[in-house]
Each structure stands twice: as structure tokens, then as C-alpha cells.
Amino acid sequence: MLHLLKLGVVSMVFFVCLAGEHLRVCPQGNTCCTQEMEDKFGQQSKQDFENLVDEMSHELRSTFVSRHKRFDEFFLELLENTERSLNEMFVRTYGKPYMQNSEVFENLFAELKRYYTGGNVNLEEMLNDFWSRLLERMFTLLNSQYVITEDYLECISKYTDQLKPFGDVPRKLKAQVTRAFIAARTFVQGLSVGREVAQRVSKVSSTPACIRAMTKMLYCPFCQGMPSVKPCKNYCLNVMKGCLANQADLDPEWNLYIDAMLLVAQRLEGPFNIESVMEPIDVKISEAIMNMQDNSAQVSYRVFQGCGQPKPAGMTRSTRGVSDVFNARFRPYSPEERPTTAAGTSLDRLVLDIKEKLKLSKKFWSNLPEAMCVEDRVTAGNASDDECWNGHTKGRYFPEVQKDGLTNQVNNPEVGVDITRPDTFIRQQIMALRVMTNKLKNAYNGNDIYFQDTSKQFVKMLHAAALQLTFVKSGSTFPAVCSVWLVFCHGVAGDEGSSEGSSSGCTEISPTDMDGAATEAPVVEADRSGPVDDSAPLRAPSVALPTMLALSALALHRQWR
């Protein structure tokens, strides 16, 4: 691949090697190049490097793009199929009474879809409301000989928990639906975050030091009159590890994210399988309806005791018996009538496929230099240690190969890397992965991070605010205070139980929205507030700063409570 690019660039080289110009990158002495040619090689090196990273990450990116699309289509089609199936069967079974009250079921599916697509919906509250609305409609139908007013229905709703008119179906279904939808939505969000991170990180921006190192490795052999000599493998590894030092730092968080995705995938094919929950939901709801039909006399008696006897309706309605109004019994689909599975596949097959792909993507970023420095792409291979380009001449490359990551490049002999300036953009992606990993861990435990107890998170947030002060003391610019709110909104604290109360009001945060989010090492901000005077003395943080943070946090807590 690269040798073809080289031929296009060096077509102007006549290989007349003289004691030529003083080159800035390639070795001095006899040379076949001019400074102008060396500059062109530098431009081509930048393009070669960026193209190579793009090529090597193509499969990873396409995996996340295609699997996100397939899972999303599957879940949406599953919801549509389930709603259509329920509607057809209830029309056939219950007829006019169902059609007159079908909006109760339409609202149920609309809210489930809104939750799945990212809406701020509390599943438990929404399902409780569904059963309350269904109770009101059922009670009215089963007591058509009475006038049931809105005030009377409001009284009935107070006795729902005591009456248990639908038996144990609502409790079981709520647990199943909640866990399944949390897992499905979070998993698809996880695929989306992986897709965005992979796409962004693969669009590398070469530093001047990296471009110099790439030029020296790929094109200086031409200037030395050795166009057929390829770089030594260890030489290539040091160049790539220096150029991709920040990308390698993404790997630990990337691996944790992949592990969390695999855990939720296990839930999807096990107890949180949304397909096994949704396909028979018409049967389960009808079972609840029949429970109330069977116990209608007892339910009505207890309601009359608590809410009083309603007024009788007119003679025409009172003479109609309950059996004439709502006596149908539900008949579910036979196996041959059941609609086809969503998106022409099954959840089990989708999960089996994505699990294999996720496992292959572990350690991708730290393995990238090794994948790039293979014989058929860049290097001469291990078999030609004495016949490869070592950066100066044809011969063995002696320096030790550096370890992965930014801090390990302090002594990189090929690429000058400033280990004190982590790439802010990469740190944003690390934070995006960290937030998503925490959401996945919560989903694995059946908890929705948006509905955790805000009072517990508030205490955690104050601890995080105190932790941020260490950045001020260490001399950083303290731009990362916003990560305190990130901790509060997304529950970075861990996998504690959820009370699933009211919504926190936090909005979704994308990888690009996390400028200046706190990381393990102080992040040097891009030029946003002017130059920083390194000679200025460090000042101890004001005593008012913790107080300000606490008061601000308290205000937000009250607003979101």
C-alpha cells in the first residue's frame, strides 16, 4: 500500500546522489533529495499515517456502525410487531369494549418506545399508571349499571394496591419489562458510544514530531539511494507507539467498556431478554384482564365499601348484565399465526454475533502499532533484521521498543513526545467511555441510572467536588469542575441500588460535550482563555470555593428533586 504512494511522490527523484543540501529530517551526507523534496515527503508522510490508521480501524468502526443499526432496527420492529399483535388479538377477542378503550394500550406502547429512544420516562411509574388506567376502564365496563364519575375513579385508584384486581401479573410484568428495556436501551446506547469513539479517535491529527519521524522512517531511504529497503520492525514500533501514545491511553477504559458491554449482552440473552418479555405480553395482559373479570364481584364490593355506592344508571343500561358487556375470553395466537420475528432475525442470534465482535475489539488501541508495523504494510519483517532501514542506514535496529501509553514515551528515541500534555480530545473520549461503562454496569444490575436516589448521588457529588480541589493545589487550571456535575448526573460513583424515583433531569452527554472533563492526570486546556503565565506563583484555593460548590450543588439538588 505505502510503496505505491511513495512511487507517486518520488517520481521526480533521479537518484543523483551528491553531497547535497542540508536536510532537516533525513541523514546528512550524500543525498538524492532537496529540501523541497523532503518537504513533499513530509506532507505525504502525514497523509500516509492518517490513511493507515483509518484503514486499520475501518473494520472496528464498521462493526459498531452496522451492529448499532441492526440492534436498533430489531428493537423498534419488535415493539411495532408486539403492538400490532396485541391490537389484532384484542379486537378479535374483546371487540367494541377494547376498541373504545384502545388508547390505554396505545399510550403504553408509545411510552415504551419513547423510553427506548432516549426519552425521560420512569418505567415503573409509567407501568403503574397503565394498570391504574386499565382498572378504571375495566371497573366502568364491569359496572355499567352505575354512573361512574371522575371523582369516583380517583377514589378507586387509592385502593389499587389493596385490591390487586389483576392478581400478580402487574408486579411480575413490571419487573420483567423494566429490566429488559433498561438493558436493551443501554446496550444500544453503548453501541452508539463505541461507534462515536471509534470514529473520532481513528481520525488522528499528526503532531510535527510524528510527521518528522514518519518521514524519516518511510522516505529517507529514498534520499539515501535505497528505495527498496523497508524499515526495521522495532524501529516502526517505536515510531508508531510515539505517534499513537494518546490513543493507547484510551485502551484501559476501552477494555472496561467492552467488558461491561459483554455483561449486558449476557443479560440480553438471559433473564433480561426483551424479545421473550414482549412477544407474550398480549397473553399476560389478557391474563390480568381475566383475573379482574373473575374477581369483579369481590373487587366491586370492596370498592363500594371504600368509596360508597355509586348512583344507578338509567333503566336501559341497568338492565344489561355484565356478561352482555364484557364476557369475552382471550385466545392467543397459535404458533403458526404468530408474526415473524423482528428484522428477520432473533435477539439470540444478534447477541451471539456481537459478543464475538466485541471480544475481538479488546486491546484494539494498544495493539494498533503492532498491527500497522507488519511486513506487508510497512516493515521488512523479523526475518530481515540486518537488511532493513534503521533510521540512519541499512542495518540492525538496536534501541529497545517502548511500552504503550503517553508516560512510557519519555525516552522514545524516534518521536519527541511531551508527556506532560495529554491530548484533551482523547481525554474526552475516555470520559465518555467511563460514563457509558457505569451506565452499562447499572443496567446489568437492572437499574436505570437516570432514576437513582439523587440524595445519595448528592453526597457522592460533594466528595467529588472536594477531590477536584486537588487539581487546584497541584497547579492545574481547574477547568474540570464540570465533571462534578457529570458525576452527579450519571452516577459515576458505582453500582448501588436504585430507588427509581423521579427523574434527575440530566441530559444525555455525548463524547464531544465533555471538554475539560477531569481525568487521572491534569489536563492542559487548549487555548481558550489566553496564555498561562508559568512564572506566576500558585495561590491556595479560596476558602469560599468548597462552600460555593456545595451551595451550587444544593441548589441543583433542590431544582432536580
Side-chain angles (χ1 to χ4, degrees), residues 83 86-87 89-115 119-174 177 281-282 284-330 500-503:
E83 182 176 12
L86 182 145
N87 183 68
M89 286 306 305
F90 277 35
V91 167
R92 179 171 20 167
T93 302
Y94 299 119
K96 188 175 180 180
Y98 163 73
M99 290 185 284
Q100 290 174 336
N101 297 278
S102 61
E103 74 274 6
V104 175
F105 301 90
E106 292 170 3
N107 290 339
L108 169 66
F109 282 97
E111 287 296 284
L112 288 174
K113 184 176 181 180
R114 190 163 75 89
Y115 173 84
N120 192 13
V121 178
N122 186 318
L123 284 175
E124 285 199 2
E125 290 183 0
M126 184 272 293
L127 290 169
N128 289 339
D129 287 343
F130 164 74
W131 292 111
S132 294
R133 300 290 81 75
L134 187 59
L135 171 61
E136 293 173 1
R137 302 300 177 91
M138 286 286 298
F139 187 87
T140 302
L141 286 169
L142 293 168
N143 292 276
S144 58
Q145 65 271 36
Y146 298 104
V147 175
I148 308 297
T149 64
E150 289 295 325
D151 290 340
Y152 199 86
L153 291 176
E154 186 176 342
C155 178
I156 293 174
S157 64
K158 298 176 182 177
Y159 292 91
T160 303
D161 292 338
Q162 300 175 24
L163 295 172
K164 296 191 183 307
F166 301 112
D168 206 31
V169 174
R171 183 187 65 81
K172 291 181 178 178
L173 195 59
K174 180 166 65 175
V177 169
I281 198 170
D282 50 3
K284 294 175 182 178
I285 292 177
S286 186
E287 178 187 342
I289 290 173
M290 289 187 288
N291 284 339
M292 182 163 178
Q293 286 179 264
D294 294 339
N295 299 310
S296 62
Q298 181 182 1
V299 169
S300 297
Y301 174 75
R302 294 181 63 183
V303 168
F304 294 160
Q305 279 189 318
C307 299
Q309 189 82 14
K311 295 181 180 180
M315 195 66 182
T316 305
R317 293 183 62 191
S318 63
T319 55
R320 290 177 359 202
V322 171
S323 60
D324 296 326
V325 178
F326 202 39
N327 67 346
R329 308 297 288 183
F330 181 72
E500 302 217 1
S502 61
S503 166

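Note that the coordinates shown come from a computational prediction; the quantities given were computed from them, not determined experimentally.
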List in chain and number order the residues that pass side chain to side chain donor-acceptor pair (under 3.5 Å) with Glu111, two or more places apart in sequence or in another chain; answer none if no residue qualifies. Arg114
For Asp168, enumerate each residue passing the side chain to side chain donor-acceptor pair (under 3.5 Å) test, keeping only those at least two apart in sequence or located in another chain. Arg171
Over all atoms of both residues, closest heavy-atom pair of [X] and [Y]:
| X | Y | value |
| --- | --- | --- |
| Met292 | Phe139 | CE-N, 3.8 Å |
| Gln145 | Leu142 | OE1-O, 4.1 Å |
| Ser144 | Ala313 | O-CB, 4.0 Å |
| Leu108 | Met126 | CD1-SD, 3.8 Å |
| Pro310 | Phe304 | CD-CE2, 3.3 Å |

Is the side chain of [X] donor-acceptor paired with the backbone N or O of [Y] at a distance under 3.5 Å, no angle test?
| X | Y | result |
| --- | --- | --- |
| Thr160 | Ser157 | yes |
| Tyr152 | Gly308 | yes |
| Asn143 | Tyr146 | no |

Identify all side-chain donor-acceptor contacts of residues 130-138 below 3.5 Å with residues at least two apart in sequence or on another chain.
residue: Ser132; atom: OG; partner: Asn128; partner atom: O; Å: 3.1
residue: Arg133; atom: NE; partner: Glu136; partner atom: OE1; Å: 3.3
residue: Arg133; atom: NH2; partner: Glu136; partner atom: OE2; Å: 2.8
residue: Arg137; atom: NH1; partner: Asn101; partner atom: OD1; Å: 2.9
residue: Arg137; atom: NH1; partner: Glu103; partner atom: OE2; Å: 2.7
residue: Arg137; atom: NH2; partner: Glu103; partner atom: OE2; Å: 2.9

What distance do [X] atom [atom1] and [Y] atom [atom2] have between them, rounded to the nearest 0.5 Å?
| X | Y | atom1 | atom2 | result |
| --- | --- | --- | --- | --- |
| Leu112 | Leu123 | CG | CG | 7.0 Å |
| Leu86 | Ser286 | CG | OG | 8.5 Å |
| Ile289 | Leu141 | CD1 | CG | 10.0 Å |

Keeping to residues at least two apart or across chains, list the salt bridge (Lys or Arg N to Asp or Glu O under 4.0 Å) pairs with something in residues 144-167.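 Salt bridge (Lys or Arg N to Asp or Glu O under 4.0 Å) check on residues 144-167 returns no pairs.
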Under the side-chain contact (heavy atoms from CB on, under 4.5 Å) rule, collect the residues that match up with Arg302, sequence neighbours excluded.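 Here the qualifying residues are Gln162, Leu163, Gln298.
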Would you call the rings of Phe105 and Phe90 parallel, tilted or perpendicular, taking 30° and 60° as the class edges? perpendicular
Looking at residues at least two apart in the chain, or sitting in another chain, which of them share a ring-ring contact (aromatic ring centres under 6.0 Å, His included) with Tyr301?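 Partners of Tyr301 by the ring-ring contact (aromatic ring centres under 6.0 Å, His included) criterion come out as none, since no residue qualifies.
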